Amino acid sequence: MAARNSGIDFDESWIKNVSINLPAVKRRADAISASRGVKKQWQAAWQLRAVTCIDLTTLAGDDTPTNVSRLCYKAAHPIRSDLLKAMGIEPTEVTTGAVCVYPSRVADCKRAMDSMKCQIPIASVATGFPTGQTGLKTRLEEIRQAVQDGASEIDIVINRTLALQGDWKGVYEEVRLMREACGDAHLKTILATGELGSLTNVYRASVVCMMAGADFIKTSTGKEGVNATLPVSLVMVRAIRDYFQRTHYKVGFKPAGGIRTAKEACQWLVLMKEELGEDWTHPHLFRIGASSLLADLERQVFHFIKGTYPAAYEFPLS
């Protein structure tokens with residue numbers, strides 16, 4: 001396992017004269033979108049890889065300990081055991097990458113995971129998610145409380161006000177404090193790319209968060225009008241590549257919001273493999289924030305094994 005990103009000193013010269021070639025970004029994104037997918041057993045293998053990279057998420061106002069417990073059980077058993085056994089895979093070998101909940105539900109997740117003797121990471125959104133419009137002291141305390149309750153990953157939102165004002169040193173300093181508040185928990189920084197105004201700002205925000213010690217950079221909260229898109233993601237993964245080439249730290253990537261089909265998930269895996277390499281197709285460096293994607297992935301695996309798509313009654317309600 002590569003060393004965790006410890007961050008570097010803020011370097012404004014890196015982001016000062018950034019220029020993004022928008023037509024070139026769109027052409028590359030279109031090429032990825034139009035690429036022919038793999039078929040048969042190779043397609044099923046990629047779909048299972050996508051399952052292991054999901055942060056299975058519930059961020060609803062009516063979340064309860066009961067539905068959080070169901071979420072944890074589904075994360076531990078994402079694909080029907082008979083389907084996995086038909087592929088020669090032990091059911092315990094396939095779980096989602098993590099579960100993701102609000103801070104107030106972290107303790108519920110921890111109890112559910114402990115009862116199943118399961119080691120799936122618990123991720124928690126924090127820092128006034130999704131807007132980030134609370135005081136810094138409150139945001140930092142929310143991180144500490146989530147970690148204390150059992151979260152091993154924290155998804156924070158950056159201060160878009162500072163970003164839109166061009167105060168990148170301010171963004172850096174806040175994220176640095178959040179990294180310290182996380183302790184041993186990994187930090188995922190949500191850029192809320194749909195609210196940053198330009199791809200240039202997306203690149204700058206990506207680099208600044210990595211400088212500050214982010215373990216992952218993430219596209220969206222899932223609550224913006226525009227969430228994960230291939231052009232935005234391409235700019236972010238190129239920033240990850242630039243950072244790796246300069247520092248030798250590998251930073252993960254997480255698209256979130258609007259990814260609902262197995263085909264879309266595989267497009268993001270193609271992006272990661274072609275732009276960053278094989279390491280970034282595994283859950284320690286790639287996650288997909290999703291709540292409904294898993295249903296389609298399981299449906300496609302069913303089709304690979306059975307030759308037909310499942311009837312509604314053949315899967316439990318989710």
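If you read the sequence from its start, that first residue is 1, and numbering goes on from there. Nothing here was measured: the structure is a model prediction, and the numbers come from that model.
Both Val99 and Val51 belong to a single network of hydrophobic side chains, linked directly or stepwise wherever heavy atoms of I, L, V, M, F, W or Y lie under 4.5 Å apart.
Val226 is not listed as a side-chain neighbour of Glu195, based on a closest heavy-atom distance of 4.5 Å or more.
Below 30°, between 30° and 60°, or above 60°: for Phe244 and Trp280 the angle between ring planes is above 60°, a perpendicular geometry.
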**Prompt:** Could you walk me through whether Arg4 and Asp215 pass the salt bridge (charged side-chain N to carboxylate O under 4.0 Å, His left out) check?
**Reply:** CA-CA 7 Å; Arg4 183 182 179 190; Asp215 297 289; 2.8 Å; yes
**Request:** Kindly indicate, with the supporting measurements, whether the criterion salt bridge (charged side-chain N to carboxylate O under 4.0 Å, His left out) is fulfilled by Lys188 and Asp55.
**Result:** CA-CA 12 Å; Lys188 303 198 203 82; Asp55 280 2; 3.3 Å; yes
**Message:** One pair to check against salt bridge (charged side-chain N to carboxylate O under 4.0 Å, His left out): Lys273 and Glu278. What are the steps and the verdict?
**Reply:** CA-CA 5 Å; Lys273 185 172 176 62; Glu278 173 70 18; 3.2 Å; yes
**Prompt:** Can you check salt bridge (charged side-chain N to carboxylate O under 4.0 Å, His left out) on Arg27 and Asp30, steps first, answer last?
**Reply:** CA-CA 5 Å; Arg27 282 196 302 271; Asp30 288 344; over 6 Å; no
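At most 12 non-hydrogen atoms from other residues, nucleotides or ligands lie less than 6.0 angstrom from NZ of Lys110. For CG of Asp184, the number of neighbouring non-hydrogen atoms (other residues, nucleotides, ligands) closer than 6.0 Å is 12 at most.
The heavy-atom pair separating Arg176 from Ile8 by the smallest distance is NH1-N, 4.5 Å. Residue Lys223 comes nearest to Asn227 through the heavy atom pair N-OD1, 3.7 Å, listed as atom of the first residue, atom of the second, then distance.
Annotation: cation-pi pair Arg246/Trp14 present, NZ/CZ under 6.0 Å from the ring centroid and within 45° of its normal.
The main-chain N or O of Gly222 is never found under 3.5 Å from a side-chain atom of Ser220 such that the two would form a donor-acceptor pair.
Aromatic ring centres of His282 and Phe286 lie farther apart than the 6.0 Å criterion allows.
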